[in-house]
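Keep in mind the model is a prediction, meaning the values are calculated, not measured. Index from 1, following the sequence.
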Amino acid sequence: MVRRDLRTKTQGLSSKTQYPIPKTQNLRPKTLLVTGGAGFIGSNFIHYIITEHSDWEITNLDKLTYAGNLENLQDIENNPRYRFIKGDIADRKLVGALFSGEYFAANSLTPNTQDLRPNIVVNFAAESHVDRSILDASPFIETNIKGTQVLLEAARTHWLGSKTQDPTSNTQDLRPNIFLQVSTDEVYGSTEGKFSEESPLSPNSPYSASKTAADLLCHAYWKTYHLPVIVTRCSNNLGPFQFPEKLIPLAITNALENKPIPIYGDGLNVRDWIYVLDHCRALDLVLQKGKPGEIYNIAANQEKTNLELIHRLLDVMDKPQSLIKFVADRPGHDRRYALDITKITRELGWQPIYSFGGALTATVNWYLDHESWWRQIKSGDYAKYYDRMYSHR
Ligand code: NAD
Ligand code: TDX
């Protein structure tokens, strides 16, 4: 019933996006270690890369926390260019064995074990939810800071050995290895203008403080050891596979169940939304053309107050605006994020291609088409979290 109404309203957009996926230049085969690939952005990224680069190998290291879900990757689990390893990025021994190739040999993952040693790291693994970091910051410190340092150190040991490379001589020489740290606009704090890559860092939540610490470690490994690190800072993503603790999937799934949608404070906090595939396209380009030691902001310049966003969402879903329920604000709630993307646009030629309206509709349709995916999550441990977070708010 809901589905038919929605289809009429959205003029036939299906859950499989109908946007064209642009081709990026294939420069050389790569062996990727993707961490946190069973989460929202990581799983979209793995799908994207498997489709776009027929000669890239992917190893996905994920701890499978509450946010990690192997169902997100079910369709590619038998792809010979993809393998999953359950493990923690803060586990020095395991991470070292992946970089040395010992892990692949010991587990007979491939007849030619050396080939799988990573020459690229894309670090998505993180505790990613601000509200959870307010309840307990400890896992954020462990994964986001310590875990990143373990990965950096393994990359340094195995990529550089005892030598360091001079980053000023010829950065093209550093291209074979890239450590890409997937960071966030939240490291800059709240703004009335726009943040460039030069803006001071001013994180306000335990989550963003931990991501900032990781960014600074990346900077230190570049400056001190010349490890070829690139940091990207992206704005709020929307799209398939997002865990329903975040605003958009929480609102979609609550609306489908005719449950209230909690809006913090006055609902006038502003976020800048980007479709997850645009983020993946940008990361792919950064891997191929980005300069070691650099930071790149990624955003789509689609700012919305939370209230505007939910009004629009309810409209798309043909649900009543009366589902909106104002609740107590998030402590330390950042008022507005906004990024200046001149650098990635000018230097790498990246542009977002997905409109907010199209992305919102495609996302709603995905949740409609994947009801068992989110119902399974919402009926499990997540129900306890939801109760703790919202029942007395
Ligand atoms: P997510 O919470 O959906 O996924 C995180 C993944 O990391 C999960 O699969 C989880 O199991 C895994 N993980 C957690 N701790 C781990 C550990 N110690 N070792 C190995 N794996 C571990 O997060 P997301 O929204 O996909 O975000 C991915 C990355 O992108 C994060 O680093 C986040 O800070 C960043 N980011 C997210 C957004 C956004 O809007 N969601 C925006 C900008 C940047
Ligand atoms: O129930 C809610 N009600 C509400 O009003 C929730 C969950 C959120 N909000 C508000 C808080 C924010 O202003 O909606 C906005 C978006 O909230 P989240 O979805 O929790 O995202 P945010 O805090 O902006 O952080 C996200 O973007 C940056 C990701 O979770 C981070 O991982 C990323 O770094």
Side-chain angles (χ1 to χ4, degrees), residues 2 36 38-43 62-72 126-140 142-144 184 186 205-208 210 236-267 269 271 273 276 304-307 309-314 316-317 319-334 360 363-393:
V2 175
F40 164 45
I41 306 174
S43 59
D62 196 299
K63 189 179 174 183
L64 297 183
T65 66
Y66 76 92
N69 187 345
L70 285 182
E71 255 187 68
N72 301 358
E127 289 293 335
S128 69
H129 192 35
V130 173
D131 290 328
R132 288 187 193 252
S133 79
I134 295 167
L135 292 176
D136 179 8
S138 313
F140 291 74
E142 280 302 310
T143 290
N144 301 3
T184 167
E186 300 205 15
S205 71
Y207 161 70
S208 50
S210 67
N236 285 57
N237 285 223
L238 77 156
F241 300 114
Q242 189 169 28
F243 196 85
E245 66 190 350
K246 307 282 166 56
L247 179 63
I248 289 184
L250 184 148
I252 294 172
T253 56
N254 277 18
L256 288 173
E257 296 183 295
N258 297 310
K259 286 187 179 157
I261 297 171
I263 298 284
Y264 299 162
D266 60 10
N269 302 66
R271 296 294 182 265
W273 294 95
V276 65
K304 305 274 173 273
T305 66
N306 292 336
L307 212 47
L309 166 69
I310 298 303
H311 282 319
R312 185 136 171 207
L313 181 69
L314 290 171
V316 166
M317 295 179 72
K319 290 287 183 177
Q321 300 290 333
S322 56
L323 283 179
I324 291 175
K325 182 186 173 201
F326 288 95
V327 300
D329 208 351
R330 170 188 279 175
H333 196 174
D334 283 332
L360 192 63
T363 304
V364 167
N365 282 337
W366 188 86
Y367 283 88
L368 274 171
D369 287 345
H370 294 81
E371 193 173 327
S372 66
W373 183 92
W374 58 263
R375 279 205 186 276
Q376 218 171 335
I377 293 170
K378 286 189 109 168
S379 61
D381 277 352
Y382 176 70
K384 286 185 214 139
Y385 163 82
Y386 194 86
D387 205 39
R388 182 174 177 201
M389 187 58 77
Y390 294 103
S391 62
H392 302 296
R393 198 156 186 157

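In this structure the side chain of Trp374 never reaches within 4.5 angstrom of the side chain of Ile252, judged on heavy atoms. You'll find the side chain of Asn72 stays beyond 4.5 Å of the side chain of Phe40, heavy atoms only. The side-chain heavy atoms of Leu247 and Arg271, taken from C-beta on, include no pair separated by under 4.5 Å. Contact annotation: the side chain of Asp266 never approaches that of Thr305 to less than 4.5 Å [non-hydrogen atoms, C-beta and beyond]. You'll find the side chain of Trp366 stays beyond 4.5 Å of the side chain of Pro249, heavy atoms only. The closest side-chain heavy-atom distance from Leu314 to Ile261 is below 4.5 Å. With a 4.5 Å cut-off on side-chain heavy atoms, Met317 and Leu368 do not count as touching. Between Leu360 and Trp273, the closest side-chain pair of non-hydrogen atoms is not below 4.5 Å.
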### Task
Could you please spell out the steps behind the side chain to side chain contact (heavy atoms under 4.5 Å, CB included) verdict for His311 and Ile324?
CA-CA 9 Å; His311 282 319; Ile324 291 175; 3.7 Å; yes

#### Entry: Intermediate values then yes/no, side chain to side chain contact (heavy atoms under 4.5 Å, CB included), Leu70 and Asp62
CA-CA 9 Å; Leu70 285 182; Asp62 196 299; over 6 Å; no

### Trace of the side chain to side chain contact (heavy atoms under 4.5 Å, CB included) decision for Ile377 with Asn69
CA-CA 10 Å; Ile377 293 170; Asn69 187 345; 4.2 Å; yes

### Task
List the steps and the verdict of side chain to side chain contact (heavy atoms under 4.5 Å, CB included) for Met389 and Leu135.
CA-CA 9 Å; Met389 187 58 77; Leu135 292 176; 3.6 Å; yes

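Salt bridge present: Asp381 and Lys384 bring a charged side-chain N and a carboxylate O closer than 4.0 Å.
Nearest approach of Gly267 to Phe326, heavy atoms of both residues: N-CE2, 4.2 Å. Annotation for Ile310 and Gln321: closest pair O-OE1, 4.4 Å, computed over non-hydrogen atoms. In terms of heavy-atom proximity, Ala255 sits nearest to Leu323 at CA-CD1, 4.0 Å. Contact record, Ala38 with Leu64: CB-CD2, 3.7 Å, taken as the closest heavy-atom pair. Between Leu250 and Pro262, the closest heavy-atom pair is CD2-CD, 3.6 Å. Pairing each heavy atom of Glu186 with each of Tyr207, the nearest pair is OE1-CD2, 3.6 Å.
Side chain of Thr143 to backbone of Phe140: no donor-acceptor contact under 3.5 angstrom is found. The closest donor-acceptor contact from the side chain of Asn237 to the backbone of Val276 lies at 3.5 Å or more, if one exists at all. Not one N or O on the side chain of Asn144 forms a donor-acceptor pair closer than 3.5 Å with the backbone of Ser210. When atom types are taken as modelled, the side chain of Asn269 and the backbone of Asp334 share a donor-acceptor pair closer than 3.5 angstrom.
Rounded to the nearest 0.5 Å, atoms NE2 (His370) and CG (Asn365) are 11.0 Å apart.
Take Phe243 and apply the ring-ring contact (aromatic ring centres under 6.0 Å, His included) test, not counting sequence neighbours, and it matches Tyr66, Tyr382. Looking at residues two or more places apart in sequence or on another chain, you find a salt bridge (charged side-chain N to carboxylate O under 4.0 Å, His left out) between Glu257 and Lys259, Arg375, Lys378. Legend: residues meeting side chain to side chain contact (heavy atoms under 4.5 Å, CB included) with Thr65, ordered by chain and number and at least two apart, are Lys63, Ala67, Glu127.
If you check the side chains of Asn254 and Tyr390, you find no donor sitting under 3.5 Å from an acceptor.
A side-chain hydrogen bond (donor to acceptor under 3.5 Å, both in side chains) with Tyr385 is found for one member of Arg132, Glu245, His129 and no other, namely His129.
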